[in-house]
Amino acid sequence: INRATPRTQSALLEAMQERQVSAEGVTRPLPDPFLVLATQNPVELEGTFALPEAQLDRFLLRISMGYPDEGGERRIASRHQAAAEPMDRVRQVATPDELRSLREAARTVRVAEDVEGYLVALVRATREHDDVRLGASPRSSVALYRAAQAWALLDGRDFVLPDDVRALAHPVLDHRILLDVDRELRGASVSGVVEAVLDREALPLAADATG
């Protein structure tokens with residue numbers, strides 16, 4: 001995505017926020033469900049355009065893929081033996097109606113007051129850290145809340161645990177925090193800020209989280 005021009009990135013921002021696209025004066029609504037998945041090379045910078053904070057804030061999660069294990073890499077290397085174009089073998093696993101139903105089910109997963117307070121405290125603490133120039137926004141609290149609900153649903157529960165919040169803190173918050181330039185030059189990292197916040201904020205008791 002960081003190889004797209006600023007104009008293209010702006011168009012994606014409209015799609016992500018307004019759920020619509022505009023071209024030549026005509027605005028068209030996007031289908032529901034709709035989402036943007038993007039890749040970004042963390043190493044090569046030549047010919048790239050940094051994403052604005054407003055666009056980064058609209059991505060729910062950011063994860064680092066890393067390298068596959070040996071078995072996975074062997075399957076990747078040999079996949080063209082099974083088919084000329086392996087992507088042609090990918091099949092639909094859920095209908096739009098099923099996805100909307102799952103989205104609604106995730107919305108109803110219960111978040112206890114103490115867990116909600118813990119979640120918001122984590123986000124707010126990023127704004128007070130000495131290494132941070134711009135902490136996580138209120139949109140981050142919404143993203144962490146919704147992601148934790150989905151995580152709990154995938155685990156077969158109808159309530160969110162503090163551990164769900166902790167498990168998603170890095171994927172939800174890391175790309176939303178801007179470091180102080182001087183602190184970054186001295187070795188500070190966004191991941192370190194989130195770890196420090198997780199260490200500092202006390203976990204709610206399990207009874208309060210589920211009861």
Side-chain angles (χ1 to χ4, degrees), residues 1-17 19 21 30-103 105-106 136 140 143-144 146-157 161 163-179 184 187-195 198:
I1 190 172
N2 57 335
R3 289 197 175 278
T5 64
R7 186 172 181 177
T8 302
Q9 291 180 6
S10 178
L12 281 173
L13 187 58
E14 179 188 10
M16 297 167 73
Q17 178 62 29
R19 304 290 175 176
V21 292
L30 291 166
D32 181 33
F34 174 84
L35 73 160
V36 174
L37 297 175
T39 60
Q40 184 171 241
N41 189 330
V43 178
E44 188 178 2
L45 298 177
E46 187 175 350
T48 64
F49 301 88
L51 272 65
E53 289 81 3
Q55 187 171 10
L56 285 171
D57 203 20
R58 282 161 177 78
F59 280 100
L60 180 67
L61 304 168
R62 185 183 72 179
I63 59 174
S64 177
M65 300 297 293
Y67 290 115
D69 58 24
E70 181 183 355
E73 195 159 359
R74 291 180 65 172
R75 288 192 295 273
I76 292 171
S78 62
R79 64 183 182 176
H80 286 281
Q81 282 193 331
E85 180 44 68
M87 290 298 295
D88 291 342
R89 303 178 65 187
V90 176
R91 297 290 180 262
Q92 180 181 6
V93 297
T95 66
D97 286 341
E98 288 171 336
L99 289 175
R100 284 190 288 266
S101 177
L102 286 170
R103 184 176 64 191
S140 307
L144 190 53
R146 295 179 64 189
Q149 287 178 303
W151 188 269
L153 181 69
L154 290 172
D155 199 40
R157 285 179 280 107
L161 293 172
D163 284 344
D164 300 328
V165 177
R166 291 181 64 87
L168 291 162
H170 283 288
V172 172
L173 299 179
D174 279 7
H175 61 291
R176 292 181 158 94
I177 297 172
L178 293 181
L179 294 175
E184 188 173 11
S189 68
V190 169
S191 179
V193 169
V194 174
E195 279 299 317
L198 288 170

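As the structure is a computational prediction, the values presented were derived from the model and not from experiment.
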Undergrad: Name the residue from Val36, Leu37, Val172, Leu35 that meets the side chain to side chain contact (heavy atoms under 4.5 Å, CB included) definition with Phe59.
TA: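 Looking at Val36, Leu37, Val172, Leu35, the match for Phe59 under the side chain to side chain contact (heavy atoms under 4.5 Å, CB included) is Val36.
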Undergrad: Checking the side chain of Asp164 only, and the main-chain atoms of Leu161 only, is there a donor and an acceptor separated by less than 3.5 Å?
TA: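 It does hold such a pair.
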Undergrad: Check whether any side-chain heavy atom of Glu195 lies under 4.5 Å from a side-chain heavy atom of His170, and answer yes or no.
TA: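 They are in side-chain contact.
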Undergrad: To check you understand the geometry: which heavy-atom pair defines the closest contact between Ile1 and Ala38, and what is its length?
TA: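 Heavy-atom minimum between the residues: CB-CB, 3.7 Å.
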Undergrad: Check whether any side-chain heavy atom of Arg19 sits under 4.5 Å from a side-chain heavy atom of Asp32, and report yes or no.
TA: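 The answer is no, as the side chains (C-beta and beyond) never meet within the 4.5 Å cut-off.
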Undergrad: Any sub-3.5 Å donor-acceptor pair from Gln55's side-chain atoms to Pro52's backbone N or O?
TA: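 Not confirmed, Gln55 side chain does not pair with Pro52 backbone.
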Undergrad: List the atom of Phe49, the atom of Ala4, and the distance in Å for their closest heavy-atom pair.
TA: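 Smallest interatomic distance, heavy atoms only, reads CD1-O, 3.2 Å.
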Undergrad: If you count heavy atoms of other groups shown closer than 6.0 angstrom to CZ of Arg103, is the number above 12?
TA: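 Yes, enclosed.
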Undergrad: Answer yes or no: is there a donor N or O on one side and an acceptor on the other, between the side chain of Arg157 and the main chain of Leu154, under 3.5 Å?
TA: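 No; zero donor-acceptor contacts below 3.5 Å.
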Undergrad: After noting the C-alpha distance and the side-chain angles of Leu51 and Gln40, does the key distance pass the side-chain contact (heavy atoms from CB on, under 4.5 Å) rule?
TA: CA-CA 10 Å; Leu51 272 65; Gln40 184 171 241; 3.6 Å; yes
Undergrad: Which distance, rounded to the nearest 0.5 Å, do you find between the CZ of Arg89 and the CZ of Arg91?
TA: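 Going from CZ on Arg89 over to CZ on Arg91, the span is 8.5 Å.
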Undergrad: Could you state the interatomic distance from OG1 (Thr39) to CZ (Arg3), rounded to the nearest 0.5 Å?
TA: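 Reported value, rounded in 0.5 Å steps: 10.0 Å.
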Undergrad: For residues Ala143 and Arg176, report the shortest heavy-atom separation together with the two atoms involved.
TA: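 That closest heavy-atom pairing would be CB-NH2, 3.7 Å.
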Undergrad: Would you compute the distance between atom CZ of Arg166 and atom CG of Leu198 and round it to the nearest 0.5 angstrom?
TA: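 The distance works out to 4.5 Å.
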Undergrad: State the CG-CD1 distance between Asp57 and Ile177, to the nearest 0.5 angstrom.
TA: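 Answer for the CG-CD1 pair, Asp57 versus Ile177, is 11.0 Å.
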Undergrad: Closest approach of Leu61 and His175, non-hydrogen atoms and distance?
TA: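 It is C-CE1, 4.0 Å.
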Undergrad: Kindly check if the number of other-residue, nucleotide or ligand heavy atoms within 6.0 Å of CD (Glu70) is above 12?
TA: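 For Glu70, atom CD is not crowded (no more than 12 foreign heavy atoms under 6.0 Å).
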Undergrad: On a heavy-atom basis, which atom in Arg100 and which in Pro33 lie closest, and how many Å separate them?
TA: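 Arg100 and Pro33 have their closest heavy atoms at NH1-CD, 3.5 Å.
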Undergrad: At their closest point, which heavy atom of Ala15 faces which heavy atom of Val21, and how far apart are they?
TA: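 Heavy-atom minimum between the residues: CB-CG1, 4.3 Å.
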Undergrad: Do you know which of Leu173, Leu144, Leu60 makes side chain to side chain contact (heavy atoms under 4.5 Å, CB included) with Leu168?
TA: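 Passing option: Leu144.
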